[in-house]
Amino acid sequence: MLTIQDGQCGTCAHFGADDAGSEKLIQIRITHQAPPDVVEPCGHPENAPRDLKVSPVSTCAGYTPANVA
Ligand code: SF4
């Protein structure tokens with residue numbers, strides 16, 4: 001399992017793009033853990049046109065903390 005630090009994609013509101021509300025991604029945000037093969041599209045307006053795909057432990061300057069219900 002990958003351990004996700006604050007500031008990394010797994011806890012970013014843009015991780016998973018349109019699928020960001022899925023149970024899988026919510027669990028990643030809550031537990032800060034993800035399987036090593038998880039790769040998701042980034043929905044940030046500046047990254048999405050490039051079809052950027054990121055792992056939960058990637059990051060960029062557009063990081064926006066996701067709300068954890
Ligand atoms: S690449 Fe940047 S904007 Fe996209 S999910 Fe990761 S931290 Fe968020």
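Just so you know, these numbers come straight off a predicted model, no measurement behind them. All ligand and atom numbering here is 1-based and tracks the order in the structure.
- With a 4.5 Å cut-off between side-chain heavy atoms of Ile, Leu, Val, Met, Phe, Trp and Tyr, the cluster of Val39 takes in none.
- Take atom 8 (Fe) of ligand 1 and draw a sphere of radius 2.8 Å; the protein N/O/S atoms inside it number 1.
- Residue pairs satisfying the salt bridge (Lys or Arg N to Asp or Glu O under 4.0 Å) criterion with at least one member in residues 5-34, sequence neighbours excluded, are listed as follows: Lys24-Glu40.
- In this structure a side-chain-to-backbone donor-acceptor pair under 3.5 Å is missing from Ser58 to Val54.
- Taking 4.5 Å as the limit, some side-chain heavy atom of His14 sits within range of a side-chain heavy atom of Thr64.
- Enclosure of atom CD in Gln33 by more than 12 non-hydrogen atoms of other residues, nucleotides or ligands within 6.0 angstrom is indicated.
- Evaluation of the salt bridge (Lys or Arg N to Asp or Glu O under 4.0 Å) test over residues 48-64, restricted to residues two or more places apart or in two chains, returns Asp51-Lys53.
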